[in-house]
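None of the values given here were measured: they were computed from a predicted structure.
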Amino acid sequence: MQHNNQIISYLQANDILANKLDHAFHGVSNAVLHQIETVGAGLQRALFYTSCFTTEYQTVCQQQRSEDARFAIGAIKILGQADIVKEMLKIYFEEIFRYKTNSQLDYIKKSLMALNVHIAASHLTQYGFVLAVAAVVAAGMKLSLDMSALVGARTASITAALGVYGVIQKAADCASKLQFSLPAYYAALYSCELEMMYFLIDPLFERSGALKGGQTSDKDIINIIVNMIR
């Protein structure tokens, strides 16, 4: 739950969630969404929302409302103590290992061991290997550093208010990029209502080369895992 505590602290410090949301929830979905909508807005999103009464902006406004709601759902999952970082990594590795044979998994494991990356999966079932790799990568993540770069230190009230929706806009942009780069992974996250939380691990995917898309060879996978951990 280390990642969850970092995420919750970050969201609270930037007024993205009220402190009271640490406690029991009643009608929580509307409460979180209301909090996100009323604290403030990133300038771009605010400008679009002020134009919602015009016909040409209706599609954009509907999209933003959907993004806000799905961001709130992801935040609720965090506060519900779901380890969404590990879950998102697990979903990713499920996708890239989906069609790998046991011999391919064994090759990947031995290659990683040669690079001093030890995967604790004694029995090379696909699911077990997925869990083991996701756990290793999650354990090595420096999530707080990645998150602090999204908006920066909290500043005066106007800047802080804009920063709230700035985070949601960043989440939406990252989700859109993921949909283009890795559509299958995006679809898998969307089905779990986690695509708006992908922004938390986007720097990891950028740095590791995981967003290249296309067919992922065994050697590509090895490089991605090594880059994620180091």
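From L194, atom CG reaches atom CD1 of I84 across 6.0 Å, with rounding to the nearest 0.5 Å. The distance from the CG atom of L89 to the CG atom of D83 is 9.0 Å, given to the nearest 0.5 Å. To the nearest 0.5 Å, the span separating CG on L182 from CD on E95 amounts to 9.5 Å. In this structure, the separation between OG1 on T101 and CD on Q104 is 4.0 Å, given to the nearest 0.5 Å. L115 CG to K110 NZ: the interatomic distance, rounded to the nearest 0.5 Å, is 14.5 Å. Note that the NZ atom of K177 and the CD atom of E206 stand 3.5 Å from one another [nearest 0.5 Å].
Taking hydrophobic clusters as Ile, Leu, Val, Met, Phe, Trp and Tyr residues chained together by side-chain heavy-atom distances below 4.5 Å, F71 shares a cluster with Y186. When hydrophobic clusters are built by joining Ile, Leu, Val, Met, Phe, Trp and Tyr residues whose side-chain heavy atoms come closer than 4.5 Å, directly or via intermediates, V137 is not grouped with L131.
Aromatic ring pairs are classed by plane angle as parallel below 30°, tilted from 30° to 60° and perpendicular above 60°; the pair Y185 and F205 is parallel.
Taking each heavy atom of I229 and V136 in turn, the nearest pair found is CD1-CG1, 3.3 Å. Across every non-hydrogen atom of M196 and A175, the tightest pair is SD-CB, 4.4 Å. The two residues A132 and I119 make their nearest non-hydrogen contact at CB-CG2, 3.4 Å. Nearest heavy-atom pair, L112 versus V226, reported as atom, atom and distance to 0.1 Å: CD2-CG2, 3.8 Å. Considering all non-hydrogen atoms of both residues, F93 and V130 come closest at O-CG2, 3.7 Å. Here the closest non-hydrogen pair linking R230 and N116 is NH2-CB, 4.1 Å.
Considering only heavy atoms from C-beta on, Q169 stays 4.5 Å or farther from F199 through its side chain. The side-chain heavy atoms of K212 and I224, taken from C-beta on, include no pair separated by under 4.5 Å. The shortest side-chain heavy-atom distance between Y92 and I201 does not fall under the 4.5 Å cut-off. Counting only heavy atoms from C-beta outward, the side chains of V133 and I108 never approach each other to under 4.5 Å.
Between the side chain of Q126 and the backbone N or O of F97, at least one donor-acceptor pair lies under 3.5 Å. A donor-acceptor pair is defined here as one N or O able to donate and one able to accept, closer than 3.5 Å; no such pair exists between the side chain of S176 and the backbone of A172.
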query = What's the verdict on salt bridge (charged side-chain N to carboxylate O under 4.0 Å, His left out) for K90 and E94, showing C-alpha distance, side-chain angles and the deciding distance?
reply = CA-CA 6 Å; K90 180 177 76 70; E94 282 177 338; 3.1 Å; yes
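Residue pairs satisfying the side-chain hydrogen bond (donor to acceptor under 3.5 Å, both in side chains) criterion with at least one member in residues 189-198, sequence neighbours excluded, are listed as follows: R70-E195, Y198-D202.
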